[in-house]
Amino acid sequence: MSLHEILFIVFSTVVLLFSLMTVLSRRILRSATYLLLVLVATAGIYLWLQYEFMAAVQVALYAGGIVVIIVFSILLTHHIHHRSKPFPPVRVITGLGVAGLGAALTIWAILQHDFHYHEAEPLEVNAKVIGQHLVNTGDGGYALPFEVISVLLLAVLVGAIVVAKKDKANEQTSENK
Amino acid sequence: MISFDYTLLIPVLPLLMFLTLGIGGHRLKPLMAGLLGSAAMGVVTVLSYLTAIQYFFVGGGMGADGYVALIPFQFTWLAFTDTLRITLGVMLDPISVMMLVVISTVSLMVHIYSLGYMKGEKGFQRFYAFLSLFSFSMLGLVLATNIFQMYIFWELVGVSSFLLIGFYYRKPSAIAASKKAFIVTRFADFGFLLGILILSYYTGTFDFGILTQPETSPVASMAGVSFMGLSVVSWAMVLVFMGGAGKSAMFPLHIWLPDAMEGPTPVSALIHAATMVVAGVYLVARLFVVYHFWAADIQEVIAWVGAFTSLFAAVIAITQHDIKRVLAFSTLSQIGYMMLALGVSGYGGAEGTGYMAAMFHLFTHAMFKALLFLGAGSVIHAVHSNLMTEMGGLRKYMPVTHITFLIACLTISGVPFLSGFFSKDEILVAAFEHSKVLFAIEFLVAGLTAFYMFRLYFNVFWGQERHYHHTPHESPWVMTVPLMVLAFASVFSGYLPFTHLVSPDRLPFEVHLHWGIAIPSVLIGLAGIGLAWVLYKRPSRVPDRMAAAMGGFYTTVYHKFYIDEVYLFVTRRVLFNLVSRPISWFDRHVVDAFMNALANVTNGVSDRIKGLQSGQLQMYAATFAAGVIGLVLLALYYLGSA
Amino acid sequence: MNILHFLIIIPVLTLAGVLTSRSLKGVRWVSAVGMFAQLLVAIAVMVTYMGLRKGGDSAEMVLMESHTWFASLNIHYTIGVDGISSAMILLTAIVMFAGVFASWELEYLQKEFFVSLILLVTGVYGFFISLDLFTMFLYYELAVIPMYLLIGIWGTGPKEYSAMKLTLMLMGGSALLIVALFGIFYGAADGVHTFNLLELGQHPMPVEMQRFIFPFAFLGFGVLGALFPFHTWSPDGHASAPTAVSMLHAGVLMKLGGFGIFRVAMYLMPQAAQEQAWIFIILTSISVVYGAFGAIWQKDLKFINAYSSVSHCGLVIFGLLMMNRTAMDGAILQMISHGLMTALFFALIGMIYSRTHTRQIHEMGGLMQVIPFLAVVYMIAGFASLGLPGLSGFAAEMTIFVGAFQHGDLFHRVATIMAISAIVVTAVYILRVVGILLLGPVKNDHFLHLKDATWYERLSTLTLVVAVAGVGLYPQWLYRLIYDSLGPVAEKLLAAL
Amino acid sequence: MRHELMLAVSVVVLLVVEIFSSAKHKTNVVLPLSIALMGLSMLVGGMYPEAGTLFGGIYRTDALRTAVKLVLDAGALLVFFQVYGWIRRPENSDKVSEFFILVFSTLIGMHYMVSAGDFMMMYLGLELASIPLSALAAFDRYKRVSAEAGIKYILSSAMSTAFLLFGLSFIYITAGTLHFDALQAAFRPDVLTILGLVFFMAGMAFKISLVPFHLWTADVYEGAPVAVTAYFSVVSKGAAVFVLTWVLYHVFGAAVEQWRIILVTLAVMTMTVGNLFALRQQNMKRFLAFSSIAQAGFILLGMLGQGALGMASVVFYLLVYVFTNIAAFSVVAAISNATGKENIDDYRGLYATNPRLTLVLMVALFSLAGIPPVAGFFGKLFLFNAAASQGYYWLIFVAVVNATISLYYYLRPVRAMFIDKNEHPIAFFKSDAYMRMGLLLCMAGIFATGFISWFFEYLFAVS
Amino acid sequence: MLHTIPLHYFLIVGTLMFFIGVAGFIIRRNLITILMSVELMLNAVNINFLAVNRYLYPHHLEGHFFTLFIVAIAAAEASIAIALIINIYRRFSTIDVDQVSDMKY
């Protein structure tokens, strides 16, 4: 077994194991930590696939961004030692059943498929190439999506403000309802 | 060639009168309306007599081969196909002309009589309107050129009868009687209509002229076809006869006639004695050729039905107390005679005696039965009751009524040289030639007839004098004159040369009085009269004792053999309770409930599945995922099978 | 301008007039004048039609006009009439004219009532003149909503229930029709996709397709024609509906069913019609007898009439299914006859109800003494219903029976005899009602002070009585009129044998 | 592209106005401005529609797409007309422009979705159209239900998007590209791609709220403010419908057998379940939510038609649906704004006091039920026509039976308003001018789009 | 070097991760955990895209860029979801999803 293979096995094991633990842990802060591990391990897989830029983005944006705000929100809404109630068995059965069935079906479909690997030399993926793509307005360019994302971010900003803005008049009365 | 164009007026005048009186009658003075109606009927009578004279005696109707059927007027009313068409028209042949005379005479008498009888009644104008309607319908019926025209007027006659029976529409019994009459005859007409349809399907025509040609009739072509062991001609003709039996109140469809006496008495005289009830006889006579040549089995049936009805009705008549009912059963009995005569008749020459006799009897019977009814009406008018038990000794108070009534009784009893004697004798002769059993029955009935008629006569005019609220007095002249006219006709109409006028093949023929039959029948008639004399001339307890001695039999007969009750059972219990009610229930609780159940099930399902929308996000997700999996499986299944 | 356009324009103008009227009087008179004008137009259509025929115009449809509407879907606004449609138009105009006067004294939301009523009748006219199935269906559906509101708002008794039931069942029927509509559109032979009836007639559908579509079309229209066992909307709906609506619905709308079966189902799918007729013959002959027996047991006047309608309308479809010219002619005569007399019945029932405030026959009695005019007219209607010669019912029924009897086989015979037997049962229930309701002693002293018909009630009923008697006294002209127009359908059916 | 740019400019203008305008009477400035901007966008974008691609094919436009965008814009515009009574309330005074900015942004997202030339653009448009919507759903944030609506929407939407992307990742395998044109050439149905296709369709079905992916709909519709619900039910759904139709026709044409059976299944389930739930609703918004689910089922019938016929029927129905559904919601909004009442029972006897509103609602409901002479009849019949052109007679039968059931519940409010007696009906109130204007436009649209064949003919010509 | 590990493996890992996310979404009742489950699902998608891109179509970057945008949008989505969750917490004083079901049926 080469180092490559070992690395893959390690990464994927971490990903799957901690995914499971994220979902199953009854302490929410631990869940968040496991999620962080999963995301980092995923970045590892990206590295394995030689997409360094993606791995960086993954670590920076996901692990660094999303997990952090998740943790913040947890802190806002929970006591540190909060332990959630045990999961209702019906729901566990449903969840595992549906997910298991779906996974089995998909894996079966994947195994059915005959992949034809492309033997060509992979494109070099570095920040420069990516930057060029992102501002390219022609074929294979992503200028427009980039702009769309910016509108989206603006909208999300406005939306978040709308939701989070503190009411002057009604806050007090309605909160006690 | 004599023009008969004016005959169109005969039915049209009463129709106009009906419309005039029906729409504008309530604005007229009652007497005015009555006079108007009577005047129109008078004109019709004149025209009818003119027709008869011209047809029979001036030679207008005589062709090379006996009397011919003339059609002075006709138009297509409704043409279903090129050959199947309902025409309305006027057909003159010996029997229709004869019927014209009968109808117009009796109708006119009734019109006049009613001026007195109905005086002061509410709805006097309406009464005359209905009378006109009836006259129109009846005239249209006898003048029919084709069987469908006959059916049309047949129905109209039924309705007029319904309206007139129910004239006293505030009286529940009158309403019930009118309903019964209509429905029973309607049931019979159902058969009639089927008969017509079968006949027309095979022959392709409704036309009497074509149907009743012995040589060329298309009925011959259907003779070979049979259904359930009976030829289709027989089927058709038995169904047609069913219609006739209904109108003529033959057993077992006779039940409406006694009840129909709820109508005003002049109406009973006109419709339920003289004219409408003989429509069945007329119908059979009309189609006699068909019956005789292609449905001889049915002709036999007719004979037996006639004979049985005449006996059956005569027996019942003996026990009844309501004078109109006695007369009604007597009518049944007499019509039975006529049917029997048609049933036993042959074709051609003296063979046709039965046919001739039926028509002859129809004629004379119309006169004397109308007379009897009008006389009874006169009595009722005086006494204000229908029951014999409340009458007696009236001869002193009402001489004219008494005499005319006596004449009528004698006539119906077959006392020699009155009209009834001649016509009844011919029927007995015909029956004798055909079957001894039938003859024996009719012979017996002749005696019974004399007995119950004189039972009636003695009870009313002799017997014990009752206590009357007002002293009975003779009716006004408008009522007695028609009595006298009819009495005259009853006495002398027997001398009409019927054998020269009416025969199945329309050729005149000769018969002579058959003394071997006439004498015994006269004797038995006299015997009946004698018995009645003994029992009823003076008040006596003997009849009651005899009745008691008979016990159950007497009760059964008194209750008309419980036939009414059987009908009641069939209609009320079976049709109403066992058919109509369950259908109604079924409709509401099964058919409709099914439709409602669809709605309820939908609502129920809606309620049951509300849990799916649990409001819980995770369940939504689970459903989502499950849905995706299901759809994947479905799509893959189709991919695999493709 | 094609005279047929006026059949739509005049109701629309009347509608506008009613909407702008400020007073109750205005609403009434605008409606009355409008519907009178419509009656005149209907007569003019009839006259024009007969004139054209006399002039030798032997086209299948006359007064035709076509405008493209949705070109890409081949939907056109095509109109035209033949003898049958012009007769039906005349029937509608008469019933509607009488209906306006029968609702003269409405007490509640008059303007809305007349608007709905006129909207309803516009749909009916449109249906009769349409030759394009799409527009035909559009007009047909147009009637649904006014109907719901008319019954729901101005009805009596369990009106919400009845209105809902009627609407839903009729919609269920049109559900079937939609399937048939598209089946016909896409099923026509030679790849022709059209809604035009005449064109469809020239490109008959393949038999397999016909077999599939015919039941949809037949049952779809059959629901409206109160075919057993889809008739149960009729008793409830008619019982709850206000007078004019019952008149129009039973008198005209139910005829749309028969008309549709004839004009669409049988005309376009003759082979399937021949093949499947037996099923529907069984259903209709049951309908005829069943309705009649059902009527015997009822106690509510409107229920009696509703069941009677089931019976009579069953006879319409029965006649059509006999598939020869005579019987079909009779069926259409029966539509007209039943339309007139049932409208008369409902008008009378409404008038009686407005006086006695009950429709239970056992609570009334002896009306002949207190309201003789209405009672006599009721009796005339009754006689028409039980098929008295001289009134319309007789000619129609006899024609159907004679036509039906042209089939010699046992099955048709039995069915026919069953259908004929209904005439006896009809007599029973009609006379029962007449006896209980009109004759006999007056049961309720309050009734002694009832007023007889007012002028508008007389006008309303007499219009119908005259029409009933007119058809009954000389049916031949109507028979001929219909007979000539039956040709195309009859020939197709014959060829399909 | 000018269409989208114009919308983006509108967002900027609104932002600027928000910054520089005083807090008082903001509504009276922002609302007419938004309406004007929307009208201008429609004018700029809709005039002289042209066909072409930009950015290497990931943005494409043609007359049909322009028409669809105009339909969506019209929906948004009509929603603007009905918000006055709600947005001017004191509790909303501090976020007036935000509402319009969010609507404009989502509209931009939908436009990109409609104009997308590959799945990435489509995905971005989809997200831009749905993420801000969750903020809109939670706009009445002082209300529990509104907050609940927002969170339910964002989470289930995220999940459905995950499914959609997961499906796309498998589709990506077959062609190595997500460009529509290239994919169409390369797409072959096999086990994995069909699996991907189904996942993708499920994601789209979520947006169109097809059963069984519809469960969020009722809760979100009920919880969100009325105007937002109207926007959800018409505009947001419309864009997804168009895109799904187009993608199925033009990208997955090779798998037509498979997606058809899925559509048939979804159609049957959607119509039936939607109807069954609608039967028992009391809240008008929830009622209309289930009604709109059922309507989506009918739209699927149109999708089953092929080519121009199917496409034109679907888009035409969307057009009709915009006018119809917004008319219904506007009336609900008017009543809700004036009285706070939203239950069907509250509407009893309304005809006596507010006849015009009830007439509008009645016409709208009949149009939804597909009763002539209003446009809904034509829309529905054309959908059936499209399905019939492919021989789906049984499906049409199921649909029309469902339409009959739907008539039952559409008649319930009608019955309440016209027939039921009520001692204390909602008192007469006067709607604001915007509302009346909006209702007038809706009515005009409901009648005109049906009777005037030009609308359908145009859509058919450009499809 | 790459092909020592077949593409299947990546896809299977992605798939398993995705459905673990699904299971988490269904089982967990904490809104934040549910959000985390969604992140897992998106992450799985990203693995798929990148692996396919690398193995089958290494000569262009569509999958790669798609992933990039997915990540960006996931971040936006997460932030607004968090805002909404906090809003819920303010209204309901809990983020237990079972409690957040005022509307049902």
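All chains are named by letter (A, B, ...) in the order of the sequence lines, taking the proteins before the strands, and each is independently numbered beginning at 1. Model, not experiment: these values are computed from the prediction.
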Does C:Pro389 reach the side chain of B:Phe153, with side-chain heavy atoms less than 4.5 Å apart?
-> no

Identify which of C:Gly366, C:Gly408, C:Gly390 forms the greatest number of heavy-atom pairs closer than 4.5 Å to chain B.
-> C:Gly408

What pairs with B:Ser135 under side-chain contact (heavy atoms from CB on, under 4.5 Å), at least two apart in sequence or on another chain?
-> B:Pro14, B:Met41, B:Ser107, B:His111

So, the part of B:Phe162 with a heavy atom under 4.5 Å from chain C: the answer is side chain

Going by heavy atoms in the side chains, are C:Val434 and B:Tyr169 under 4.5 Å from each other?
-> no

Chain C contact via B:Ile152 - side chain, backbone, both or neither, heavy atoms under 4.5 Å = both

Top of C:Phe401, C:Phe394, C:Tyr474 for chain B proximity - count of heavy-atom pairs under 4.5 angstrom = C:Phe394

Residue from C:Leu386, C:Leu478, C:Val442 scoring the most non-hydrogen pairs under 4.5 Å with chain B is C:Leu386

Atom CG in B:Leu197, atom CD1 in C:Ile420: separation rounded to 0.5 Å?
-> 5.0 Å

Heavy-atom distance under 4.5 Å to chain C: side chain of B:Phe148, backbone, both or neither?
-> side chain

Out of curiosity, C:Asp236 CG to B:Arg588 CZ, how far, rounded to the nearest 0.5 Å?
-> 4.0 Å

Hey, which of B:Phe594, B:Trp585, B:Phe187 has the most heavy atom pairs under 4.5 Å with chain C?
-> B:Phe187

Could you check C:His231 against B:Val591 for side chain to side chain contact (heavy atoms under 4.5 Å, CB included), going step by step and ending with a plain yes or no?
-> CA-CA 9 Å; C:His231 63 278; B:Val591 182; 4.0 Å; yes

Report, as yes or no, whether the 6.0 Å neighbourhood of atom CG on B:Asp82 holds more than 12 heavy atoms from other residues, nucleotides or ligands.
-> no

Among C:Phe303, C:Phe293, C:Tyr429, which residue forms the greatest number of heavy-atom pairs with chain B at distances under 4.5 Å?
-> C:Phe293

What part of C:Met379 gets closer than 4.5 Å to chain B, counting heavy atoms only: side chain, backbone, both or neither?
-> side chain

Where on C:Ile296 is there a heavy atom nearer than 4.5 Å to chain B: the side chain, the backbone, both, or neither?
-> both

Chain C shares the most heavy-atom pairs under 4.5 Å, among B:Asp587, B:Val590, B:Thr81, B:Ile183, with B:Asp587

For C:Arg413, is it the side chain, the backbone, both, or neither that has a heavy atom closer than 4.5 Å to a heavy atom of chain B?
-> side chain

Considering only heavy atoms, which portion of B:Ile198 lies under 4.5 Å from any heavy atom of chain C: side chain, backbone, both, or neither?
-> both

Please flag which part of B:Phe80 lies under 4.5 Å from any non-hydrogen atom of chain C: side chain, backbone, both or neither.
-> both

By a 4.5 Å heavy-atom criterion (distance strictly below it), what part of C:Leu168 contacts chain B: side chain, backbone, both, or neither?
-> neither

Taken to the nearest 0.5 Å, the spacing of B:Glu155 CD from C:Phe383 CZ works out to 11.0 Å

Between OH of C:Tyr479 and OG1 of B:Thr76, what distance do you get to the nearest 0.5 Å?
-> 12.0 Å

Check: C:Leu473 main-chain N/O paired with B:Trp77 side-chain donor or acceptor under 3.5 Å = yes

Contact winner vs chain B - C:Gln406, C:Arg432, C:Arg480, C:Arg325, heavy-atom pairs under 4.5 Å = C:Gln406

Options C:Tyr290, C:Tyr483, C:Trp477, ranked by heavy-atom pairs under 4.5 Å with chain B, top entry = C:Tyr290

Quick one: do B:Asp592 and C:Lys165 satisfy side chain to side chain contact (heavy atoms under 4.5 Å, CB included)? Show the steps, please.
-> CA-CA 10 Å; B:Asp592 193 36; C:Lys165 183 166 171 180; 2.4 Å; yes

Using non-hydrogen atoms only, which part of B:Asp189 is less than 4.5 Å away from chain C: side chain, backbone, both, or neither?
-> neither

Residue from B:Ile175, B:Leu156, B:Leu194, B:Leu598 scoring the most non-hydrogen pairs under 4.5 Å with chain C is B:Ile175

Where on B:Leu84 is there a heavy atom nearer than 4.5 Å to chain C: the side chain, the backbone, both, or neither?
-> side chain

